[in-house]
Q: 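Here it is, the structure, as structure tokens.
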Amino acid sequence: MNAPPYRFNEIEKRWQTRWEETNAFQADEDSDKQKFYLLEMFPYPSGDLHMGHVRNYIIGDALARYKTLQGYSVLHPMGWDAFGLPAENAAIERKIHPAEWTDGNISYWKTQLKQLGVSYDWSRELSTNRPDYYKWTQWLFLLLYERGLAYQQGGLVNWDPVEETVLANEQVIDGRGWKSGAPVEKRRLNQWYFRITDYAERLLNDLDRLDGWPDRVRTMQRNWIGRSEGAEIQFQIEETGEPLPVFTTRPDTLYGATFMALAPEHTLIEEMIEGSPHAARVMPEAQRMRNQTRQARSDADAEKEGVFTGFYAVNPVNGERIPIWIANYALMDYGSGALMAVPAHDERDFEFARKYDIPVRPVIQPPDSTWDGGEMNEAYVEDGVQINSGPFNGMPNRQAGKAIVARLQERGLGKQTVNYKLRDWLVSRQRYWGTPIPMIYEQDGTPTPVPVENLPVTHPRDVQITGKGGNPLAQNENFVNCISPRTGKPARRETDTMDTFIDSSWYYLRFCSPRFNGGFVDQDAARYWMAVDQYVGGIEHAVLHLLYSRFISKALFDAGLSPVDEPFENLFTQGMVTKDGAKMSKSIGNIVTPDEIVSKYGVDTARLFSLFAAPPEMDVEWNDSAVEGCYRFLNRVWRAFHRLLEDAAPTAEYEVEALDGDERAFRRLTHRTIQRVADDISDRFKFNTAIAACMEFVNALQNETAPFSSARAALLREALETLPRLLSPFAPHIAEEMWDALNTGKTLQEAGWPKYDESALAEETILVVVQVNGKVRAQLNMPVDSTEEAVAAAAKGEPNAARHLDGKTVRRVIYIPNRIINFVVS
RNA sequence: GCCGAGAUGGCGGAAUUGGUAGACGCGCUAGCCUCAGGAGCUAGUGGGCUUUUAGCCUGUGAGGGUUCGAAUCCCUCUCUCGGCACCA
């Protein structure tokens with residue numbers, strides 16, 4: 001009756017110290033156990049840390065602990081995605097070096113995560129800003145360069161005016177920088193790219209293999225890659241004889257092309273029109289369209305605009321002259337930046353043609369129609385039969401499309417092709433706090449890679465970070481000036497750094513052997529641990545980090561340097577934590593920090609709430625009184641456990657055959673709870689219902705009152721040995737403390753996940769519902785597997801059922817054994 | 001506009017895949033205990049009705065359908081959230 005008070009502070013501290021002293025979570029690749037590599041997306045260690053961040057790690061930890069108890073050899077590491085712009089901004093504000101700010105945040109985060117009792121193998125901690133890590137990021141860059149997958153090219157790029165750097169396409173959301181939110185500008189710059197488009201087809205096809213990924217994420221990647229099948233068709237510019245290639249998914253409509261549309265950025269505009277009689281009229285218009293922001297131009301109901309160039313193209317299929325326009329809806333970064341416009345069969349082209357009075361010529365007739373291509377009110381985009389198409393008239397349009405391409409191909413003027421939305425990954429950044437790109441430039445500008453033995457190329461510490469005047473690295477003469485290892489002559493270093501998404505595109509491999517010096521990863525360790533069995537993180541990286549990592553894995557796999565070409569076997573995307581309806585964020589001011597909760601209720605309560613409030617994939621609204629409910633539950637657990645511990649038998653030994661019905665029912669509950677908790681965790685991490693099952697179990701234990709028979713006391717002991725282990729993935733500290741009090745001579749980890757006895761689960765009697773015409777009229781407690789006759793007889797004996805059956809004719813009886821009996825009467 | 005997910009008590013959410021809707025928790029109500037309680041314990045809690053130890057009706061966004069039986073399957077619609085979006 002005198003349970004010790006639940007002093008969560010002491011308990012949590014004691015066990016965290018114990019875990020640390022015994023290296024309880026150190027992963028072991030020499031184990032003959034089955035491996036399980038569990039990874040949460042490593043964080044950017046920013047200045048704040050709130051329960052929204054924490055949920056991610058608690059979900060992962062609950063799984064890690066469960067898998068450990070199940071007997072897996074678990075790798076559960078943690079590290080820091082530590083390069084990035086906020087560190088530079090903080091450095092400007094506080095006049096300290098970004099490294100100082102970053103290291104301060106890392107130690108803060110580490111303390112917090114340790115305080116939460118997350119079972120990381122801290123001996124594998126890594127940080128992308130440390131030379132022993134980014135040396136290998138640089139090595140990766142050189143590997144890709146060597147394999148032709150990294151290249152430098154001039155062209156139009158996205159420029160973030162706030163971050164003062166270029167961005168990859170994936171980092172531009174609705175025409176704005178993904179972090180800064182500023183509208184991006186187009187600039188023409190020479191930049192470094194990774195040739196991710198070489199992998200477009202594999203990145204797309206292999207999504208089908210990723211059955212352990214949410215469909216949502218796979219769909220988003222498919223959309224992003226944006227594969228479309230079609231044809232490349234060569235038009236010719238009448239005046240110059242130059243080719244004008246276009247991509248189309250509808251070669252069947254070629255005879256209906258009545259104008260060409262060039263993107264305003266198309267290089268042909270300068271080449272062809274500058275200096276021509278049309279220049280004065282056309283060039284200012286083209287310039288004006290270029291200046292429209294991407295946002296304004298891609299808005300769905302943006303006004304279509306264009307200008308006739310004065311030039312004509314020749315249709316390769318019939319020699320027809322077609323006017324070439326510049327149109328704001330033509331996109332430079334899709335296809336060839338030019339398109340053949342068929343107003344009769346494309347809504348956008350139709351709208352444009354109507355506005356500028358360009359002819360609309362139908363070439364597809366709806367099936368079973370006698371419509372002759374008269375006046376049209378909208379584009380006809382469905383399938384049909386060719387008309388106005390010379391020798392192809394009368395053919396079904398899809399078939400005609402193939403025939404037209406085949407005809408063009410014979411003359412070298414067209415071919416079947418596949419086009420992707422995906423662009424190459426622009427990886428250089430004009431920032432200081434990133435991995436330096438290990439390239440130098442000879443005096444003539446030729447790039448030379450830094451030899452591998454000279455890596456890492458480290459940051460100079462003596463820089464002025466002011467946020468003004470561009471990249472501080474470029475202003476540091478000591479850094480910039482160097483001697484070329486190739487020619488021995490003075491040369492200049494590349495001063496751009498890498499996109500931080502490169503750092504994070506391979507860190508999961510480094511975790512296999514984080515201290516390895518002989519290469520970016522020890523291949524033996526990688527073979528043991530890879531792929532990541534379960535990856536846990538936010539949906540916001542669906543096309544960023546998750547696409548880049550897949551690409552890098554494939555590139556490394558092709559180089560024989562990664563054992564897998566898909567890094568993440570299973571992906572789980574957890575929901576956000578909201579408060580007052582908004583995502584927790586320092587700027588909104590609605591954050592709850594783990595400290596507040598931990599000091600008031602303890603870590604186990606904070607963890608329990610995070611897991612219990614909602615299924616982990618759903619968003620969850622922070623709720624103070626629900627947190628308190630979790631705290632009350634742990635107190636109930638604590639009191640019930642200690643009260644019963646006094647009366648329980650010293651061992652859980654009993655004769656199953658000697659148990660009476662009531663005792664068998666109690667035993668059934670214990671074993672059934674083990675089964676339910678395991679099933680719920682295994683089935684999409686339903687921690688919320690797993691915890692609910694534990695609550696029901698505890699509620700039943702609370703109702704147990706002395707005196708107990710000796711069999712009952714042994715069954716209680718079994719229940720008390722079960723409960724801490726079931727709770728330990730969720731509330732590990734209180735679980736360890738209770739387990740310790742049992743004095744079993746084993747640690748909780750050694751004892752492992754409790755086993756349930758299949759035969760203990762079998763129900764003896766079961767509630768059978770009696771329905772009359774589908775409405776519940778009675779409930780029967782029947783022996784399991786009773787016959788229909790027995791149940792029907794018992795049902796008729798129930799007064800309420802009998803009342804509804806009285807005087808009626810039974811038309812039919814539906815009996816589902818152990819569940820329901822339904823009398824259909826009239 | 002296209003694609004995807006969803007809509008269940010006052011609230012968060014359950015429901016063994018077609019078989020008692022509302023598990024578990026929060027909140028609320030009443031009682032016990034207490035100097036006190038923002039502690040603990042007990043009972044109740046979808047809505048409505050009646051002759052209230054019990055029974056009846058109704059109820060899972062709206063409407064229709066299939067079925068002995070539908071939160072679950074089918075059709076139509078409404079709304080919410082997420083993604084994509086002038087991609088030729």
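Just the heavy atoms: all of them, side chains too, but no hydrogens, waters or symmetry mates, feed the values below.
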Q: For a quick test of your reading: what N or O donor-acceptor pairs under 3.5 Å do the side chains of residues 576-585 of chain A make, sequence neighbours left out?
A:
{"residue": "A/Thr578", "atom": "OG1", "partner": "A/Val620", "partner atom": "O", "Å": "3.3"}
{"residue": "A/Thr578", "atom": "OG1", "partner": "A/Glu621", "partner atom": "OE1", "Å": "2.7"}
{"residue": "A/Ser585", "atom": "OG", "partner": "A/Ser587", "partner atom": "N", "Å": "3.2"}
{"residue": "A/Ser585", "atom": "OG", "partner": "A/Ser587", "partner atom": "OG", "Å": "2.9"}
{"residue": "A/Ser585", "atom": "OG", "partner": "A/Ile588", "partner atom": "N", "Å": "3.3"}

Q: Side chains of A/Arg218 and A/Gln221: do they bring a donor and an acceptor to under 3.5 Å?
A: no
Q: Between A/Thr249 and A/Ala613, name the one whose nearest nucleotide on RNA chain B is closer to the 5' end.
A: A/Ala613
Q: Tell me whether A/His541 contacts the main-chain N or O of A/Gly537 through its side chain, where contact means a donor paired with an acceptor under 3.5 Å.
A: no
Q: May I ask you to say whether A/Asp679 pairs ionically with A/Arg676, meaning some side-chain N is under 4.0 Å from a carboxylate O?
A: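 No, A/Asp679 and A/Arg676 are not salt-bridged.
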Q: Taking atom NZ as the centre, does A/Lys179 end up with more than 12 heavy-atom neighbours from other residues, nucleotides or ligands that are less than 6.0 angstrom away?
A: no
Q: Between protein and nucleic acid, restricted to nucleotides 20-28 of chain B and to nitrogen or oxygen atoms under 3.5 Å apart, what atom pairs and distances do you find?
A:
{"residue": "B/U20", "atom": "O2", "partner": "A/Gln779", "partner atom": "NE2", "Å": "2.7"}
{"residue": "B/A23", "atom": "O2'", "partner": "A/Glu696", "partner atom": "OE2", "Å": "3.0"}
{"residue": "B/G25", "atom": "OP1", "partner": "A/Asn699", "partner atom": "ND2", "Å": "3.2"}
{"residue": "B/C26", "atom": "OP1", "partner": "A/Arg632", "partner atom": "NE", "Å": "3.4"}
{"residue": "B/C26", "atom": "OP1", "partner": "A/Arg632", "partner atom": "NH2", "Å": "2.7"}
{"residue": "B/C26", "atom": "O2'", "partner": "A/Ser625", "partner atom": "OG", "Å": "3.1"}
{"residue": "B/G27", "atom": "OP2", "partner": "A/Arg632", "partner atom": "NH2", "Å": "3.0"}

Q: Any side-chain N or O of A/Lys775 under 4.0 Å from OP1/OP2 of B/U58?
A: yes
Q: Among A/Leu767, A/Thr765, A/Val768, which residue meets the side chain to side chain contact (heavy atoms under 4.5 Å, CB included) test with A/Met782?
A: A/Val768
Q: For B/U76 and B/G25, measure between their P atoms and round to the nearest Å.
A: 41 Å
Q: In terms of relative ring orientation, are A/Tyr6 and A/Trp638 parallel, tilted or perpendicular, with 30° and 60° separating the classes?
A: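 Plane angle between 30° and 60°, so tilted.
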Q: When you get a sec, tell me which of B/C86, B/A85, B/G13 is the closest nucleotide to the side chain of A/Lys304?
A: B/C86
Q: Is a donor-acceptor pair below 3.5 Å formed from side chain A/Asn822 to base B/C68, judging by atom type as modelled?
A: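 Flag set: donor-acceptor pair detected.
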Q: Please report the distance separating the C1' of B/A15 from the corresponding atom of B/C24, rounded so that it comes out in whole Å.
A: 12 Å
Q: Rounded to the nearest angstrom, tell me the gap between atom CG in A/Asp679 and atom P in B/A14.
A: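 Taking CG of A/Asp679 and P of B/A14, I get 16 Å after rounding.
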Q: If I pick the C1' atom on B/G9 and the same atom on B/G64, what distance separates them, to the nearest angstrom?
A: 26 Å
Q: Is the shortest side-chain N/O distance from A/Arg216 to OP1 or OP2 of B/A5 below 4.0 Å?
A: no
Q: What pairs of nitrogen or oxygen atoms, one from the protein and one from nucleotides 51-55 of chain B, lie under 3.5 Å apart?
A:
{"residue": "B/G55", "atom": "O3'", "partner": "A/Asn800", "partner atom": "OD1", "Å": "3.4"}
{"residue": "B/G55", "atom": "O3'", "partner": "A/Arg803", "partner atom": "NH2", "Å": "3.1"}

Q: When the distance from CZ of A/Arg684 to P of B/U17 is rounded to whole Å, what number comes out?
A: 14 Å
Q: Suppose you measure atom C1' in B/C2 against the same atom in B/U72; what distance do you get, rounded to whole Å?
A: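 To the nearest whole Å, 28 Å.
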Q: Using a 4.0 Å heavy-atom cut-off across all strands, classify A/Glu232 as base, sugar-phosphate, or nothing.
A: nothing
Q: With the side chain of A/Leu331 defined as its heavy atoms from C-beta on, choose the nearest nucleotide among B/C68, B/A88, B/C41.
A: B/A88
Q: To the nearest Å, give me how far apart CG (A/Leu339) and P (B/A88) are.
A: 10 Å
Q: Would you indicate whether A/Glu764, at its atom CD, is surrounded by more than 12 heavy atoms from other residues, nucleotides or ligands within a distance under 6.0 Å?
A: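 Counting neighbours around CD of A/Glu764, more than 12 heavy atoms of other residues, nucleotides or ligands fall under 6.0 Å, so yes.
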Q: How far does the P atom of B/G69 sit from the matching atom of B/C57, given to the nearest Å?
A: 16 Å
Q: Looking at A/Phe235, A/Tyr356, A/Phe352, which one forms a ring-ring contact (aromatic ring centres under 6.0 Å, His included) with A/Phe259?
A: A/Phe352
Q: For A/Lys355, give me all partners under side-chain hydrogen bond (donor to acceptor under 3.5 Å, both in side chains), at least two apart in sequence or on another chain.
A: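 For A/Lys355, the residues satisfying side-chain hydrogen bond (donor to acceptor under 3.5 Å, both in side chains) (neighbours in sequence not counted) are A/Glu303.
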Q: Would you kindly give the CZ-to-P distance between A/Arg639 and B/G40, to the nearest whole Å?
A: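 Rounded to whole Å, this separation is 7 Å.
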Q: Within the pair A/Arg222 and B/G83, is there a side-chain N or O less than 4.0 Å away from OP1 or OP2?
A: no
Q: Tell me if the CZ atom of A/Arg222 is crowded by more than 12 foreign heavy atoms within 6.0 Å.
A: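 Counting neighbours around CZ of A/Arg222, more than 12 heavy atoms of other residues, nucleotides or ligands fall under 6.0 Å, so yes.
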Q: B/G22 and B/C11: how far apart are their C1' atoms, nearest whole angstrom?
A: 13 Å
Q: Dot-bracket notation for RNA chain B is requested: 5' to 3', Watson-Crick or G-U wobble pairs only, both distances under 3.5 Å, with ( ), [ ], | and . as defined.
A: (((((((..(((......[....)))((((((.......))))))(((((...)))))..(((((..]....))))))))))))....
Q: What closest approach, in Å, do A/Pro264 and A/Asn328 show between heavy atoms, and which atom pair accounts for it?
A: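 That closest heavy-atom pairing would be CG-CA, 4.1 Å.
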Q: For atom P, what is the distance between B/C26 and B/U42, given to the nearest Å?
A: 13 Å
Q: Measure the distance from CG on A/Asp619 to C1' on B/G13 and round it to the nearest whole Å.
A: 14 Å
Q: Rounded to whole Å, please give me the gap between CG in A/Asn223 and P in B/A85.
A: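 So the CG-P distance, A/Asn223 to B/A85, works out to 8 Å.
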Q: B/G40 P sits how many Å from A/Leu634 CG, rounded?
A: 13 Å
Q: Quick one: list whatever passes side chain to side chain contact (heavy atoms under 4.5 Å, CB included) with A/Glu347, sequence neighbours left out.
A: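 By the side chain to side chain contact (heavy atoms under 4.5 Å, CB included) rule, A/Glu347 matches A/Ala379, A/Val381.
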Q: Does A/Lys600 make a side-chain N or O approach to OP1 or OP2 of B/G38 shorter than 4.0 Å?
A: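 A/Lys600 to B/G38 OP1/OP2: no side-chain N or O under 4.0 Å.
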Q: Roughly how far apart, to the nearest Å, are B/U58 and B/G1 at atom C1'?
A: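 Approximately 41 Å lies between the C1' atom of B/U58 and that of B/G1.
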Q: How long is the line joining CD1 of A/Ile539 and P of B/A5, in whole Å?
A: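 A/Ile539 atom CD1 is separated from B/A5 atom P by 13 Å.
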Q: A/Ser625 and A/Asn623: side-chain donor and acceptor closer than 3.5 Å?
A: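 Note: A/Ser625 and A/Asn623 side chains meet the donor-acceptor criterion.
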Q: Going by a 90° cut-off around 0, is B/G9 syn or anti?
A: syn
Q: Side-chain N or O of A/Gln702 less than 4.0 angstrom from OP1 or OP2 on B/C41?
A: yes
